[in-house]
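Just the heavy atoms: all of them, side chains too, but no hydrogens, waters or symmetry mates, feed the values below. Letters A, B, ... mirror the listed sequences (proteins, then strands); counts begin at 1.
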Amino acid sequence: MSCFEILKSSSDTLARRGRLTTRRGTVETPVFMPVGTRATVKAMSPAEMEELGAEIILGNTYHLLLKPGLDIMAKAGGLHKFSNWKRSILTDSGGFQVFSLSKLRKITPDGVKFASHIDGSRFFLGPVESMNTQRVLDSDIVMAFDECTPYPCTCEAAAKSLALTHRWERMSFEQELNPGQLRFGIVQGAMYKDLRIHSARELAAIDFDGYSIGGLSVGEPEELMFDMLDATTPEMPWAKPRYLMGVGTPKQIVEAVARGVDMFDCVMPTRLGRHGSAFVGKDTIPVKAGRYAEDFTPIDENCSCYACRNFTKAYIRHLFNVGEILGVRLVTWHNIHYFLTLMRRIRAAIENDTFAELRREFQ
RNA sequence: GGCGGGAUUCCCGAGCGGCCAAAGGGGGAAGACUGUAAAUCUUCUGUCUCCGACUUCGAUGGUUCGAAUCCAUCUCCCGCCA
């Protein structure tokens, strides 16, 4: 039984309106998945995330493995019970941490030896460990363990890394999971179209439930990222969900949807929210800036989120100015609302076949 | 009325003869952030014709090659005593 259904395709782009079904319910796509690395979407409660309409959030294998650790996660009965999140969860494999914490690693054919960024203690994470951890976390979508190449990256290094990633993905596929857990493979290949195409085809031959595109938005020019997507998505199975990992800005999301991507995640709304920047239109505004000290209008007049319905920029700016936690919460709230609303608009536009129009708005 | 202490660049506050346009905070400005080591980080914050010059450290005058730093007077503050 397929977990993914395409409800409608755009007539003039590769955009698809779909529905992903996990053990915990359905996820309307294209979807944005807020990031909850350490078993919480920073600054937000599960009830608030539900109210915002989030159908699926992320968790992170690496971080949860370090704290609270596998024993506690097992005793807790998995990530859902532990954090009281009842809808779907996708867990990242820890592969990205191999990349982002690269100073502390040693790569072997079976995984990566890390020094914990918290206390320096050593541990090992590879496809076997990552799959086992995600089985214990009992997430609904499990990501294969991969290596994310940096930018720039030589062709030789990228090809070598890709071979290792493919080995790890095959190993990831072979590990046992809990019944109903979905498993996604990850296309890599740095900024080389031929490697990307090769990777997409290689993985398509493995019966993953979905496929993601990793290793993008790592510092490359935006156009290069779009070029990579142009080359990659046509090689990915049409009938299965496609997930662009770690992306991105509203424009990048719209452009990726146009190229046939169904799922996204990014720390942008939550991190920028904590840092005092709010999404408005196709830009962000620095709500915490002094220029708003006497601006008694909402972040966005046209926004229906809790923050915009009830508070002014002057007030939120004041909260940031004095370090009150509510400021962080309100802008995070607004930003998540912004991203989820953007996705609702994208879905509606594909349904009405007016996606091209919406796309123009973000050019 | 007497005796002490003090006045520093937007604010607080270091400095106590040259290395001072003057530490450090705050405030302000600009920017970064993309599968989260991030409620974080970076830069700037006297003026200008800006690799150099000019004007600043309560006011005025003085000592000195040279003063925010020493002396005198004055003006305001803050303690204590009558």
Quick one: side chains of residues 143-150 of chain A, donor-acceptor pairs under 3.5 Å with protein atoms, not counting sequence neighbours, listed by atom name and distance.
from     : atom 1 : to       : atom 2 : distance (Å)
A/Asp146 : OD2    : A/Gln188 : NE2    : 2.7
A/Glu147 : OE1    : A/Ser161 : OG     : 2.7

Contacts under 3.5 angstrom, residues 223-232 of chain A side chains, donor-acceptor by atom type, not counting sequence neighbours:
from     : atom 1 : to       : atom 2 : distance (Å)
A/Asp230 : OD1    : A/Arg259 : NE     : 2.8
A/Thr232 : OG1    : A/Met228 : O      : 2.6

Please list every donor-acceptor pair under 3.5 Å in which a side-chain atom of residues 236-243 of chain A meets a protein atom from a residue at least two apart or in another chain.
from     : atom 1 : to       : atom 2 : distance (Å)
A/Lys240 : NZ     : A/Asp207 : OD1    : 2.5
A/Lys240 : NZ     : A/Phe208 : O      : 2.7
A/Arg242 : NH1    : A/Gly260 : O      : 2.9
A/Arg242 : NH2    : A/Thr233 : O      : 3.4
A/Arg242 : NH2    : A/Met236 : O      : 3.2
A/Tyr243 : OH     : A/Asp265 : OD1    : 2.7

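Across all strands shown, B/C80 pairs with B/G2; the Watson-Crick or G-U wobble distances both stay below 3.5 Å. The pairing partner recorded for B/A21 is none, the criterion being a Watson-Crick or G-U wobble arrangement whose two distances lie under 3.5 angstrom. Across all strands shown, B/A7 forms a Watson-Crick or G-U wobble pair with B/U75, both key distances being under 3.5 Å. With a cut-off of 3.5 Å on both pairing distances, the Watson-Crick or G-U wobble partner of B/U40 is B/A32.
Take A/Thr165 and apply the side-chain hydrogen bond (donor to acceptor under 3.5 Å, both in side chains) test, not counting sequence neighbours, and it matches no residue. Taking A/Val328 as the reference, A/Ala43, A/Arg274, A/Phe320, A/Thr332 meet the side-chain contact (heavy atoms from CB on, under 4.5 Å) condition, with sequence neighbours excluded.
In this structure, of B/A37, B/G35, B/A38, it is B/A38 that holds the atom nearest to the side chain of A/Arg38. Side-chain proximity of A/His63 to the nucleotides B/A37, B/G35, B/U34 is greatest for B/A37.
For the OP1/OP2 pair of B/A37 and a distance below 4.0 Å, the side-chain nitrogens and oxygens of A/Ser100 include at least one atom meeting the criterion. The shortest distance between the side-chain N/O atoms of A/Gln97 and the OP1/OP2 oxygens of B/U36 is below 4.0 Å.
Within residues 118-136 of chain A, no residue has any heavy atom closer than 4.0 Å to RNA chain B. For the segment residues 260-292 of chain A, the set of residues with a heavy atom within less than 4.0 Å of an atom of RNA chain B comprises A/Asp265, A/Cys266, A/Val267, A/Met268, A/Thr270, A/Arg271, A/Leu272, A/Arg274, A/His275, A/Ser277, A/Lys288, A/Gly290, A/Arg291, in numerical order. Contacts between residues 180-200 of chain A and RNA chain B, defined by a heavy-atom separation under 4.0 Å, are made by A/Ile186, A/Gln188. Within residues 152-161 of chain A, no residue places a heavy atom under 4.0 Å from RNA chain B. Residues from residues 217-241 of chain A placing a heavy atom under 4.0 Å of any atom in RNA chain B, listed by number, are A/Ser217.
Pairs engaging residues 17-44 of chain A under the salt bridge (charged side-chain N to carboxylate O under 4.0 Å, His left out) rule: A/Arg17-A/Glu28, A/Arg17-A/Glu351, A/Arg19-A/Glu28, A/Arg23-A/Asp138, A/Arg23-A/Asp140, A/Arg24-A/Asp140 [sequence neighbours left out].
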Look for any protein N or O under 3.5 Å of an N or O in nucleotides 42-45 of chain B and output each such pair with its distance, or none.
none

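Across all strands, A/Asn60 comes closer than 4.0 Å only to sugar-phosphate atoms, never to a base (heavy-atom distances).
The nearest heavy atom of RNA chain B to A/Phe320 and to A/Thr37 marks one nucleotide each, and the one closer to the 5' end goes with A/Thr37.
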